[in-house]
Each structure stands twice: as C-alpha cells, then as structure tokens.
Amino acid sequence: MNMQAKTGRLIGVGTGPGDPELMTLKAVRALEEADVVAFFAKRGSNGNARGIVGPHARETWTELPLIYPVTTEIHKDSKDYREVIREFYEDSVHKVEKHLENGKTVAILSEGDPLFYGSYMHLHVRLADRWPTEVIPGVTAMSGCWSQTGTPIVQGDDILTVLPGTLSEFELTRRLADTDAAVIMKVGRNLPKIRKALQTTGMLDRAVYVERGTMANTSSVRLAEKADDEAPYFSIVLVPGWAEKR
Ligand SMILES: C[S@@+](CC[C@H](N)C(=O)[O-])C[C@H]1O[C@@H](n2cnc3c(N)ncnc32)[C@H](O)[C@@H]1O
C-alpha cells in the first residue's frame, strides 16, 4: 500500500470579536479539522479567542497555549521589549512547526480578524511560505462594535482612519483633524489622552465608547457621558463620520 505522509497544514482562524455566533461557518469547519489548536494568551488566562471558540472545542484537540512573556511591564518601544517579544514569536513558530512536521493541521486562533492587528501575523509571516496555509477572515472588533451600537460609521466619500490609542496625543489629534470618521483601538489606559484629542478636534460629542463589544458583559456609552477614564483592554472608540452630516 502506498501510504503518503500527511502534510502539515496551517490555518489562521478569525474568531470574530466575542459573540460565538459571529464566527463564520468556515472558522467552525476549520476547528472541526484541526488536530492542534494554538492561541495567544496572557499568563494565567486562556485568552479571549480560546474563550470564543469554547462551544466548538473538541476532546481530540491538542491545545497549544502561547503565553506572552510580557504585556505592559516593559514599554513596547524599548529595545528590551522588542527583543523579548521577537524571541517569543520565534519560540512560538518553533512549537507550531513541530506539529506541522508531524503532519498535523494546526489552527491558530485570532480574535477578530487574523490579519488586522492580530498576533497571528507574526507567525504567518514566518511560516506561510513553508507550509500550506489558509487564513479565515473574522468579523473585526470595530465591525462588531458599530453593529452592536447601531453606529453608521462612513458613507459616500467619507474617509475612515483607524488609530491605535497608543499614539501620542499630538499624533492622535493630527490624524483626527484630517479624517471624517475614526476608530480608535487599544483604548485601555490611553483613554484620557484619546478624550483630550477628541475634544481638541471637536469630535468628542459624537464619539461612542464600547467595551467588550458583542461579549456577554458588553457595555457602551457616548464617550462625553462616560464619567471615568477606566477602560479595559477590549475597548474601542468609534467616531462616526456619516452621522455628523445627516
Ligand atoms: C490586538 S487588537 C486585535 C484586533 C482584532 N484582530 C480585530 O480584528 O479587531 C486588540 C484591540 O482590538 C480592540 N478589540 C478587540 N476585541 C474587542 C471587543 N470585543 N470590543 C471592543 N474592542 C475590541 C481593542 O481596542 C483591543 O485593544
């Protein structure tokens, strides 16, 4: 009998922003096919993506948690951070590749869409030219959040700018001043700075704050009405362009 060795296969699986019903049929199919399911997580947690796919978990999976060695302890622009995180991604590639070499189908979970600010990308760029690879898109956090809150974001010739809240107040202000609509990601401890930039550009009144969008414990409020500056990592600010012109 001619038994051909099974070839390892990599699948980047977008899980959507939180509600398991926002997973695509393709994502569910990939989870059925996976031998190994890898996911990024902070120490002491399984991470959001693994939580989202919970209803589809299988006993046959080998689970491969990839635990970040640091999160906010070292500044992200420092040489130390870059070095530690580069080593982490290389070590993660090594762990995933061992399973691929054994002919396994490895699904790497990515919250939202894998190729939109997702850690999956760091593995994808190191593995996709060596192994058969498929990327399954996911509903992004911003899309989940503007749908949940019924916030029409852009229309016609509107320009939408996506900004990481980690930018300086100067840079946030400059970019906001030059767009019709914006999505500000990575809010967390950056909220006071984001609020100031929105105030300076006259956009605060139409900004909508959403935390844990589409998850069971989500909440949202007009940012101008939010009394405190507390925000979890999974929060976003939407600045609609279209609503402004109605
Ligand atoms: C590393 S990015 C991941 C983006 C993701 N790949 C996507 O497609 O939206 C993480 C940031 O996305 C935003 N985010 C992700 N999920 C969210 C959710 N359910 N609700 C609000 N913001 C979310 C937050 O701003 C968070 O800091």
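This is a predicted model, so every value here is computed, not measured. First listed ligand is number 1; within each ligand, the first listed atom is number 1.
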Item to check | Pair Val37-Thr62, side chain to side chain contact (heavy atoms under 4.5 Å, CB included): steps then yes or no | outcome: CA-CA 6 Å; Val37 171; Thr62 298; over 6 Å; no

Checklist entry - Where do His94 and Val96 land on the side chain to side chain contact (heavy atoms under 4.5 Å, CB included) test, with the steps shown first? => result CA-CA 6 Å; His94 186 64; Val96 168; over 6 Å; no

Checklist entry - Could you walk me through whether Trp61 and Val36 pass the side chain to side chain contact (heavy atoms under 4.5 Å, CB included) check? => result CA-CA 5 Å; Trp61 284 352; Val36 178; over 6 Å; no

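Of the protein's non-hydrogen atoms, Phe116 O, 2.7 Å is the one closest to atom 6 (N) of ligand 1. Looking at atom 24 (C) of ligand 1, its nearest protein heavy atom turns out to be Ser235 O, 3.3 Å.
Of all the atoms in ligand 1, the ones that sit under 4.0 Å from a non-hydrogen atom of Phe234 are 14 (N), 15 (C), 16 (N), 17 (C), 20 (N), 21 (C), 22 (N). Under a 4.0 Å criterion applied to the non-hydrogen atoms of Thr140, ligand 1 contributes the atoms 8 (O), 9 (O). Less than 4.0 angstrom separates some heavy atom of Asp113 from each of these atoms of ligand 1: 6 (N), 7 (C), 8 (O). Residue contact check: Tyr117 has heavy atoms under 4.0 Å from atoms 1 (C), 2 (S), 3 (C) of ligand 1. The ligand atoms of ligand 1 that sit less than 4.0 angstrom from a heavy atom of Gly112 are 7 (C), 8 (O).
Taking the ring axis of Tyr68 as reference, the NZ or CZ atom of Lys42 does not stay both within 45° of it and closer than 6.0 Å to the ring centre.
With Ser168 contributing its side chain and Glu171 its backbone, the two residues share a donor-acceptor pair below 3.5 Å. The closest donor-acceptor contact from the side chain of Asp180 to the backbone of Ile159 lies under 3.5 Å. Of the possible polar contacts, none joining the Asp178 side chain to the Arg174 backbone as a donor-acceptor pair under 3.5 Å is found.
Taking any N or O of Tyr233, backbone or side chain, at least one lies under 3.5 Å from an N or O belonging to ligand 1. Residue Asn48 has no N or O atom closer than 3.5 Å to an N or O atom of ligand 1. Below 3.5 Å of separation, one finds no N or O of Cys145 facing any N or O of ligand 1. Some N or O of Ala141 is nearer than 3.5 Å to an N or O of ligand 1, by distance alone. Of the polar atoms of Ser110, none of the N or O atoms is found under 3.5 Å from an N or O of ligand 1, judged by distance alone. The N/O atoms of Gly213, backbone and side chain alike, include one that comes under 3.5 Å of an N/O atom in ligand 1. For ligand 1, one of its N or O atoms has an N or O atom of Pro17 under 3.5 Å away.
Side-chain atoms of Ser220 and Glu211 form no donor-acceptor pair, as typed in the model, at a separation below 3.5 Å.
Atom CD of Glu33 has more than 12 neighbouring heavy atoms from other residues, nucleotides or ligands inside a 6.0 Å radius.
Within the 4.0 Å heavy-atom criterion, both parts of Glu111, backbone and side chain, lie near ligand 1.
Across the listed options Met185, Arg212, Met215, Glu211, Met185 owns the non-hydrogen atom lying nearest to atom 12 (O) of ligand 1.
In this pair, Phe40 and Tyr89 present their aromatic rings perpendicular. The plane angle is above 60°, beyond the 30 to 60° band.
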